[in-house]
Amino acid sequence: MSAGVTGVTSVIVRLKLSLLRNGLRQSTGRAVAYIASAVAVLLVSVLQLIGLIALRGHAHAASVVVLLVAVLAVGWAVMPLFFPGGDETLDPTRLVMLPLRPRPLVRALLVSSLVGIGPVFTLCMLTGSVISVAHGGTAYGFGVVGIVLALLVCVALARTVATANIRLLTSRKGRDLAVLSGLVVAIGAQVVNFGAQRLGSGGLAQLDGPAEVLKWVPPGSAIAAADSASEGSYGIAVLQLALSVAALVVLIAVWSRHLTRLMTAPDGSTLQAASEPAARRRTSTGLARLLPAGRTGTVMERSLRYVWRDPKTKAAWVTSLAIGLIVPVFNALQGTGSIYFACFAAGMLGVQMYNQFGQDTSAFWMVAMTISSTRDAYVELRARALALLVITLPYATLVTVLTTALIDDWPKLPEVLGVSFALLGAMLATGAWTSARFPYSIPQEGYKNVAPGQSGLAFVSILGGMVAGALLCAPVIALTIWVNVSAGGDEWSWLLLPVGAAYGAAITVAGLRLAAPRTARRLPEILLAVSKG
């Protein structure tokens, strides 16, 4: 049996190496990108290793390394959800037809998971963490065991998460989870920035509280064992290692159970869906009943369904919603923000009006067939703008109110809302015009948002439109400055809310009417431009 297990393990490891080698042979660009990323990761790993070694002897070194290991574990847990295609061996359904038992397969997949850039990076972090806290031969002995356990716990955690969700991750809807990666990156960057500023002002002593808890949570407990052994607390060190061993055993058991179920239970491809007749009888949701009748309601419903169903459109909206909230709120929490940062939400969401026809891709020809006059084009553009306002108006208002509450400057709320509404109207107006004047295609495959050869069009459309929108919003901004400087400030600032809302509505209507005839005249050119991807 041992020889069989060893044989399976070696085959799976060679399989992973072959997949990696054959993938790099597909194109020179892919090989260069992989080598460059590997060199960059190794460089960062070495720098982090040096930094952790330099932390040796610091009073709060143990707190830093325990939190670092916890962050590494979280990263290992979430990466399979956002990048399921990054490692083809993460999908055990490819091995379903092979005569393999779950237990040898688990061992083989666990060993093969140690091959790659990620495990090397994690190993460097864990090694540096042990060096920074271990003092004495016994502590280093505990540290070596802790490094092995922590690395295995991280890998087993990733495998368990991937196996438990592989049916979802390999489906069309599951792949849409990747759009959340932009949200995670945006929030993570702001959290890191916020944490760095707090540490810079309060010092590393702030980490001691969370570290006291996390040093008993695997895999942090495996590295904390080296620190406990350095202090002579060998019983605590053994207990911390035992917790990591227990976590590893539990993860492997859960992984094995999910793997067995995955490789033996039938799925939707082998069973006829019993609910299919009911699905056919299912009518449309209540969204259509809440929208206006006629072409306006139809176009609004189509646009809102794009936001929910189309991966590229959803990714753009998720990113805009996240950044529009993160920038004002995090700056307010840091005490360095202005209440006017709340206008960032309106600006980010207003960008979604740009390249409206490019979002339809080649399906725009069906829309073009329904446009035979300037009136049809105007109704089409107006309905798309109204669909954006369904989401944008309440969201911009919510962000403004939340930012105002955090800064505690309620007298400024009406004028900031007025400026936000005026900015939103200006963005809708310029977005409608640039959609007709500078349309470009959005590829449906891959991560590119602009088709090759159309980068200049995208640059002119978005950047030029944003500059024009800022200029169109200038009258309301100038009025806001005048009210605060010359007209009594808070006494008259409430007037800026209706003025800004009225101005935004008027400039939106003007922009739509200006864009409608151009749209009707340039339908063939627009169709050709948006179908190139």
Side-chain angles (χ1 to χ4, degrees), residues 182-183 185-191 193-194 197 307 316-354 385 388-431 462 465-485 487 489-508:
L183 175 62
V185 171
I187 293 178
Q190 290 295 327
V191 169
N193 181 38
F194 182 62
Q197 292 190 9
V307 174
W317 272 95
V318 167
T319 303
S320 295
L321 290 169
I323 297 178
L325 175 67
I326 288 171
V327 170
V329 168
F330 271 73
N331 279 279
L333 291 173
Q334 292 171 6
T336 59
S338 166
I339 189 174
Y340 291 99
F341 278 12
C343 298
F344 203 80
M348 287 298 300
L349 296 180
V351 173
Q352 302 307 314
M353 187 64 187
Y354 292 74
L388 265 70
L389 289 173
V390 168
I391 303 174
T392 305
L393 273 180
Y395 187 80
T397 303
L398 175 63
V399 171
T400 304
V401 172
L402 180 59
T403 306
T404 304
L406 292 174
I407 297 179
D408 195 19
D409 193 5
W410 293 102
K412 296 289 185 183
L413 177 61
E415 64 183 73
V416 176
L417 278 176
V419 174
S420 293
F421 294 157
L423 176 61
L424 179 59
M427 298 289 285
L428 293 178
T430 55
I462 297 177
M466 292 175 67
V467 172
L471 293 176
L472 288 175
C473 193
V476 177
I477 297 175
L479 179 62
T480 302
I481 296 174
W482 180 80
V483 167
N484 282 277
V485 173
D490 296 342
E491 183 179 354
W492 297 99
S493 64
W494 64 271
L495 287 174
L496 292 170
L497 176 55
V499 169
Y503 181 84
I507 201 68
T508 299

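Because the structure is a prediction, the values reported are computed rather than measured.
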Answer whether the closest heavy-atom distance between the side chains of Thr404 and Val416 falls below 4.5 Å.
no

Within the 4.5 Å heavy-atom criterion, are Asn331 and Thr403 side-chain neighbours or not?
no

Closest heavy-atom pair, Leu389 versus Pro394, reported as atoms and distance to 0.1 Å, is O-CD, 3.6 Å

Is the closest side-chain heavy-atom distance between Leu325 and Phe330 below 4.5 Å?
no

Heavy atoms only: give me the nearest Cys343-Ser420 pair and the separation to one decimal.
SG-OG, 3.4 Å

Distance, nearest 0.5 Å, that separates OH of Tyr354 from OG1 of Thr430
2.5 Å

Tell me the closest heavy-atom pair linking Ile507 and Ala426, and the distance in Å.
CG2-N, 3.6 Å

Could you check if a side-chain atom of Leu388 sits within less than 4.5 angstrom of a side-chain atom of Trp317, using non-hydrogen atoms only?
yes

Evaluate side chain to side chain contact (heavy atoms under 4.5 Å, CB included) for Thr397 paired with Leu417, printing each intermediate quantity in order.
CA-CA 7 Å; Thr397 303; Leu417 278 176; 4.2 Å; yes

Distance in Å, Leu393 CG paired with Ile391 CD1, rounded so as to fall on 0.5 Å steps:
11.0 Å

Please report the interatomic distance CG(Leu472) to OG1(Thr508), rounded to the nearest 0.5 Å.
10.0 Å

Between Thr480 and Tyr340, is the side chain to side chain contact (heavy atoms under 4.5 Å, CB included) condition met? List the steps.
CA-CA 11 Å; Thr480 302; Tyr340 291 99; 3.8 Å; yes

Of all the heavy-atom pairs spanning Pro414 and Trp494, show the shortest one and how long it is.
CB-CA, 3.7 Å

State the CE-CD1 distance between Met348 and Ile323, to the nearest 0.5 angstrom.
4.5 Å

Checking Thr392 against Leu424 for the side chain to side chain contact (heavy atoms under 4.5 Å, CB included) test, could you report, in this order, the C-alpha distance in whole Å, the side-chain angles of both residues, the deciding distance, and whether it holds?
CA-CA 8 Å; Thr392 305; Leu424 179 59; 3.3 Å; yes

Could you tell me whether the side chain of Tyr395 and the main chain of Leu321 form a donor-acceptor pair under 3.5 Å?
yes

Can you tell me how far CD1 of Ile477 sits from CD of Glu415, rounded to the nearest 0.5 angstrom?
12.0 Å

Within-4.5 Å side-chain heavy-atom neighbours: Ser320 and Leu349:
yes

Show the numbers, then the answer: is there a side chain to side chain contact (heavy atoms under 4.5 Å, CB included) between Leu496 and Val419?
CA-CA 8 Å; Leu496 292 170; Val419 174; 6.0 Å; no

Taking all heavy atoms of Ile407 and all of Ala332, pick out the closest pair and write down the distance.
CG1-CB, 3.8 Å

